[in-house]
Amino acid sequence: MIIMNADATQEQIAEVIKEIKKYGLRADLSKGAFRTVIGLVGDERKIDFAHFATLPGVKEAIGIETPYKLISREYSKRSGEESECRVVKVGDIDIGGDEPVFIAGPCAVESKAQLFRIAEGVKKAGAHILRGGIFKPRSSVHSFQGLGSIGEQEAEEALSWLREAGDKFELTVITEVRGEAQVDLVAKYADILQIGTRNMYNQDLLTMVARTNKPVLFKRHFGAGIEEFLSFAEYIAAEGNKDIILCERGVLPLGKGRSYTRYTLDLAAIPTIQEETFLPVVADPSHATGRRDLIFSMSCAAMAAGANGLMIETHYDPKEALVDGQQTITIGELRDIISSCRKIHKVITMRKNKN
Ligand code: PEP
Ligand code: MN
């Protein structure tokens, strides 16, 4: 990390970047309120920091060992770029701002009529963002893979419904990108690109998605520790895209035999991650529990833990859903959750502001 003097000139900053490139590394420029900080992307071991410290305009040159430095709180603090939380702006929605953000919709998009009816419902219930899987990651090749897997035409048609529904009901839209071949197509229609739990480690996909410059909702792998999760989020940041929304969606449950929940919502991960990074964190109680009866309590708990938002699978009639009906809530339940979570968020924010 190269910390420039507050009055460093553009030429001096350009000189430092040129020098970094000579070592075969890339530079991440963070222009904050106080000063410019330049992060190094790549293997820092060959860097002579003492040499960098002597360059004109440089205040300090230090090596950082953590695998996620570009998204670390330390990095942002040095430049004064981020205060409490990065606000990811999508249209007129602020993710990580003063208000919690609610993402809702079906697990999978099944038809235009289904999507539009759900979109209207979740909008009325107070949600900001419409979700709907078109390329579904499934454990069995024999189950419904999403309309996107039928063919190119079906994929584009379903994506266009998502866009239309978003425009009609004034909702921002998000959908998952399951593979590299889908990146351009999904980016053409969606406002936010979702990386699913199974793709957390797919660094080529992360790089490609990051390069679209669209915000990315990045889900934690169900077996990944926090350091691993953040290390892979760094792949997105390394492309100069820091519009990353981290999503806690449950980790593998413990024990032999029957498991009572699909995964275990790692509540403590929420404030822990917020301490480590300046990125907003949302929770997905739907996949974390796999149980409709637990969505209200886990939503409230995630909010109390400081989540910046929630992603919840919602349907006008969960029994009808082709995928994940058992964990999908009704529009009415969503309305209750949103109203309770807004109150919890207020209490948490008041307490934070006091401290
Ligand atoms: C989803 O949100 O549609 C999904 C498949 O979730 P996850 O990747 O967390 O399993
Ligand atoms: Mn699902």
Side-chain angles (χ1 to χ4, degrees), residues 101-110 114-115 118 122 127 129-141 143-149 155 158-159 162 172-179 182 186 190-202 205-206 209 215-224 228-229 232-233 236 244-253 259 261-266 269-270 273 281-292 294-295 298-299 302 307 309-315 317-330 334:
V101 167
F102 298 95
I103 307 168
C107 177
V109 173
E110 296 172 24
Q114 173 241 26
L115 183 66
I118 293 174
V122 301
I129 303 175
L130 176 65
R131 63 150 286 146
I134 290 165
F135 296 100
K136 293 301 306 170
R138 301 304 303 276
S139 304
S140 167
V141 71
S143 41
F144 177 57
Q145 312 284 307
L147 293 175
S149 295
L159 283 162
L162 192 65
T172 293
V173 297
I174 178 170
T175 195
E176 178 167 350
V177 183
R178 200 181 50 201
Q182 299 149 11
V186 173
D191 300 304
I192 307 172
L193 308 186
Q194 177 176 328
I195 297 286
T197 194
R198 291 158 191 82
N199 267 318
M200 189 203 89
Y201 295 104
N202 189 342
L205 179 63
L206 302 188
V209 163
V216 182
L217 184 135
F218 186 52
K219 287 189 147 193
R220 177 183 180 184
H221 185 269
F222 47 71
E228 262 182 304
F229 180 34
F232 279 87
I236 304 169
I244 307 165
I245 305 134
L246 299 169
C247 180
E248 161 55 35
R249 49 79 68 209
V251 291
L252 288 173
S259 177
T261 54
R262 190 169 175 185
Y263 294 94
T264 301
L265 184 60
D266 186 358
I270 299 166
I273 292 169
V281 181
V282 301
D284 168 357
S286 308
H287 294 90
T289 61
R291 282 173 53 170
R292 188 181 314 145
L294 298 181
I295 306 299
M298 289 304 103
S299 295
L310 297 171
M311 175 147 94
I312 307 176
E313 289 183 340
T314 311
H315 198 290
D317 185 2
K319 286 194 304 302
E320 268 189 29
L322 282 182
V323 191
D324 284 351
Q326 78 291 343
Q327 67 194 31
T328 299
I329 59 165
T330 62
L334 179 70

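Numbers here are sequence positions counted from 1. In each ligand, atom 1 is the first atom listed, and ligand 1 is the first ligand listed.
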Rounded to the nearest 0.5 Å, the CG atom of Asp191 sits from the CD1 atom of Ile129 at a distance of 8.5 Å
Ion pair check, Arg131 and Glu176, cut-off under 4.0 Å
no
Rounded to the nearest 0.5 Å, the CE atom of Met311 sits from the NZ atom of Lys219 at a distance of 4.0 Å
Counting only protein N, O or S atoms and ignoring waters, those under 2.8 Å from the Mn ion (ligand 2) are Cys107 SG, His287 NE2, Glu313 OE2, Asp324 OD2
| request: Kindly assign one of parallel, tilted or perpendicular to the pair Phe232 and Tyr201, based on the angle between their ring planes and the thresholds 30° and 60°. | output: perpendicular
Rounded to the nearest 0.5 Å, the CZ atom of Arg138 sits from the CZ atom of Phe144 at a distance of 8.5 Å
Consider only side-chain N and O atoms of Arg292 and Ser286, and report whether a donor and an acceptor are under 3.5 Å apart. no
Taking every heavy atom of Gly179 against every heavy atom of Leu205, the minimum-distance pair comes out as C-CD1, 3.6 Å
- Query: Does the side chain of Asn199 come under 3.5 Å of the side chain of His221 through a donor N or O and an acceptor N or O?
  - Reply: no
Contacts for ligand 1, heavy atom under 4.0 Å, by chain and number, are Arg131, Lys136, Pro137, Glu176, Gln194, Gly196, Thr197, Arg198, Lys219, Arg249, His287, Met311
When rounded to the nearest 0.5 Å, the distance separating CG of Leu334 from CG of Leu310 is 9.5 Å
